[in-house]
Peer 1: 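My questions will all concern the structure given below.
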2 protein chains.
Amino acid sequence: MFVLIDPTTVTPVFAQIAESIATQIATGTVATGERLPAAKDLAGSLGVNVHTVLRAYQELRNDGQVELRRGRGAVVLGTPTAEALRVAVARAATEAKAAGIPIGTLLALIRKEYES
Amino acid sequence: MFVLIDPTTVTPVFAQIAESIATQIATGTVATGERLPAAKDLAGSLGVNVHTVLRAYQELRNDGQVELRRGRGAVVLGTPTAEALRVAVARAATEAKAAGIPIGTLLALIRKEYES
DNA sequence: ACCTATTTGTCCGTATGTATG
DNA sequence: CCATACATACGGACAAATAGG
């Protein structure tokens, strides 16, 4: 796992790590089902704290790109985009219902956003 | 700001705080534009660490319910559901396009999810 | 069935930085 | 210039789930 941290930028270290890994997932540098290095190990090789790496991993989990389990580690999800889409769709539907937005209006919003 | 922490449950403290405040926002107990107590103060009154409260605040920000600014504090957003919906819609559309999902399929997914 | 090591999850404490007022 | 308040990072401790012997 190659991650380069730029100390001169304003982007937080945990965000840099998350973005770097996300790029590697998107480009196929790290394959589906592959296990990311243990947070402790990656932290050691990067010279940062374990918590910083764990926060990066949790960012990736929130984006639906990896699955985190205690004792198992961080595993790249099989269909990251499909999973992310599922989460996004569920969220949009939930928010719309909570806001009292009818299905027709929601679909119009989606269509407009999609075509922009 | 009244927040009750239950030490017997498995739900993390930061999640309990976030849920409690989210409920108070939803029920109007805390009004739009109102400022949440400083993390340090709330932490003090709850007997927890500042970071625990800050993490709860950041959860609320990720859900589009509050706005966090350095030096200013945490302010309850004016139209939380509308903003959250806008973000959710944009995300769903973006993910679908990235995944190569056509608009018709996306709309069908949305409709199915909405009606479930 | 048991024990141990691994690995993430949460929380605490401290320090420093940065935007706001 | 100064106080306030969130943001990030480090370090330590313990818990909980998993895997392997």
Side-chain angles (χ1 to χ4, degrees), chain A residues 1 3-22 25 30 33-78 83, chain B residues 1 3-22 25 30 33-78 80:
Chain A
M1 172 66 60
V3 174
L4 182 62
I5 295 177
D6 179 3
T8 70
T9 186
V10 295
T11 306
V13 177
F14 79 89
Q16 292 186 46
I17 297 173
E19 286 172 16
S20 173
I21 296 177
I25 291 176
V30 296
E34 194 172 333
R35 186 175 162 281
L36 298 181
K40 193 185 91 175
D41 297 342
L42 182 55
S45 69
L46 294 180
V48 301
N49 192 275
V50 189
H51 295 131
T52 305
V53 175
L54 280 176
R55 185 164 176 186
Y57 280 8
Q58 288 167 2
E59 280 261 313
L60 294 172
R61 179 187 53 187
N62 291 343
D63 288 347
Q65 303 196 276
V66 303
E67 181 191 16
L68 298 183
R69 297 261 293 274
R70 289 171 177 162
R72 256 190 24 133
V75 178
V76 178
L77 285 183
E83 174 64 13
Chain B
M1 173 64 62
V3 174
L4 181 63
I5 295 177
D6 178 4
T8 70
T9 186
V10 295
T11 306
V13 176
F14 78 89
Q16 292 185 46
I17 296 173
E19 286 172 15
S20 172
I21 296 177
I25 292 176
V30 296
E34 194 171 335
R35 187 175 162 281
L36 297 181
K40 192 185 91 176
D41 297 341
L42 182 55
S45 70
L46 294 180
V48 301
N49 193 274
V50 190
H51 293 132
T52 305
V53 175
L54 280 176
R55 186 163 177 187
Y57 281 8
Q58 289 168 359
E59 280 261 314
L60 294 172
R61 179 187 55 187
N62 291 342
D63 288 348
Q65 302 196 276
V66 304
E67 181 191 15
L68 299 183
R69 298 260 294 273
R70 290 170 175 159
R72 253 189 27 136
V75 178
V76 177
L77 285 182

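Within every chain, numbering begins at 1; the chains are lettered A, B, ... in the order of the sequence lines, protein sequences first and strands thereafter.
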Peer 1: Where each residue is assigned the nucleotide of DNA chain C containing its nearest heavy atom, which of A74(A) and H51(A) is assigned the position nearer the 5′ end?
Peer 2: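 It is A74(A) whose nearest nucleotide is closer to the 5' end.
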Peer 1: Where does the chain B footprint on DNA chain C start and end, counting 5' to 3' with a 4.0 Å heavy-atom cut-off?
Peer 2: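 Listed 5' to 3', the contact boundaries are dT10(C) to dG21(C).
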Peer 1: Tell me which residues in residues 8-18 of chain A lie within less than 4.0 Å of DNA chain C, going by non-hydrogen atoms.
Peer 2: none
Peer 1: List for me each residue that meets salt bridge (charged side-chain N to carboxylate O under 4.0 Å, His left out) alongside R72(B), sequence neighbours excluded, and say none if there are none.
Peer 2: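 Once residues adjacent in sequence are excluded, the partners of R72(B) under the salt bridge (charged side-chain N to carboxylate O under 4.0 Å, His left out) criterion are E67(B).
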Peer 1: Got a sec, which pairs hit side chain to side chain donor-acceptor pair (under 3.5 Å) with one end in residues 34-46 of chain A, sequence neighbours left out?
Peer 2: none
Peer 1: Pick the closest DNA chain D nucleotide for G47(A) and for R35(B) by heavy atoms, then say which residue is nearer the 5' end.
Peer 2: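 The residue closer to the strand's 5' end, by nearest nucleotide, is R35(B).
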Peer 1: Can you name the residues that form a side-chain hydrogen bond (donor to acceptor under 3.5 Å, both in side chains) with T52(B), not counting sequence neighbours?
Peer 2: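 side-chain hydrogen bond (donor to acceptor under 3.5 Å, both in side chains) check on T52(B) returns nothing, list empty.
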Peer 1: Go nucleotide by nucleotide along DNA chain D from the 5' end; which of R72(A) and L54(B) gets its closest nucleotide reached first?
Peer 2: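 Its nucleotide being nearer the 5' end, the pick is L54(B).
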Peer 1: Taking all atoms of both residues into account, what is the closest heavy-atom pair of L46(B) and V3(B), and its distance?
Peer 2: CD2-O, 3.4 Å
Peer 1: Side chain to side chain contact (heavy atoms under 4.5 Å, CB included) with L54(B): which residues, sequence neighbours excluded?
Peer 2: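 Partners of L54(B) under the side chain to side chain contact (heavy atoms under 4.5 Å, CB included) test: A39(B), V50(B).
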Peer 1: So, using side chain to side chain contact (heavy atoms under 4.5 Å, CB included) as the criterion, who are the partners of Q58(A) when residues are at least two apart?
Peer 2: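 By the side chain to side chain contact (heavy atoms under 4.5 Å, CB included) rule, Q58(A) matches R61(A), L68(A), R55(B).
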Peer 1: So, the side chain of N49(B) versus the backbone of H51(B): is there a donor-acceptor pair under 3.5 Å, distance only?
Peer 2: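 Yes: the side chain of N49(B) pairs with the backbone of H51(B).
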Peer 1: Do L42(A) and L36(A) have side-chain heavy atoms sitting under 4.5 Å apart?
Peer 2: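 Heavy-atom side-chain distance check fails, nothing below 4.5 Å.
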Peer 1: Taking side chain to side chain contact (heavy atoms under 4.5 Å, CB included) as the definition, give me every residue that meets it alongside A18(A), ordered by chain and number, with sequence neighbours left out.
Peer 2: A56(A), E59(A), L60(A)
Peer 1: Going 5' to 3' along DNA chain D, which are the first and last nucleotides with any atom under 4.0 Å from a heavy atom of chain A?
Peer 2: dT8(D) to dA19(D)
Peer 1: Show every donor-acceptor pair shorter than 3.5 Å between a side-chain atom in residues 8-15 of chain A and any protein atom, with sequence neighbours excluded, or say none if there are none.
Peer 2:
residue	atom	partner	partner atom	Å
T8(A)	OG1	D6(A)	OD1	2.7
T8(A)	OG1	D6(A)	OD2	3.2
T9(A)	OG1	T11(A)	N	3.4

Peer 1: Base, sugar-phosphate, or nothing for V50(A), non-hydrogen atoms under 4.0 angstrom?
Peer 2: nothing
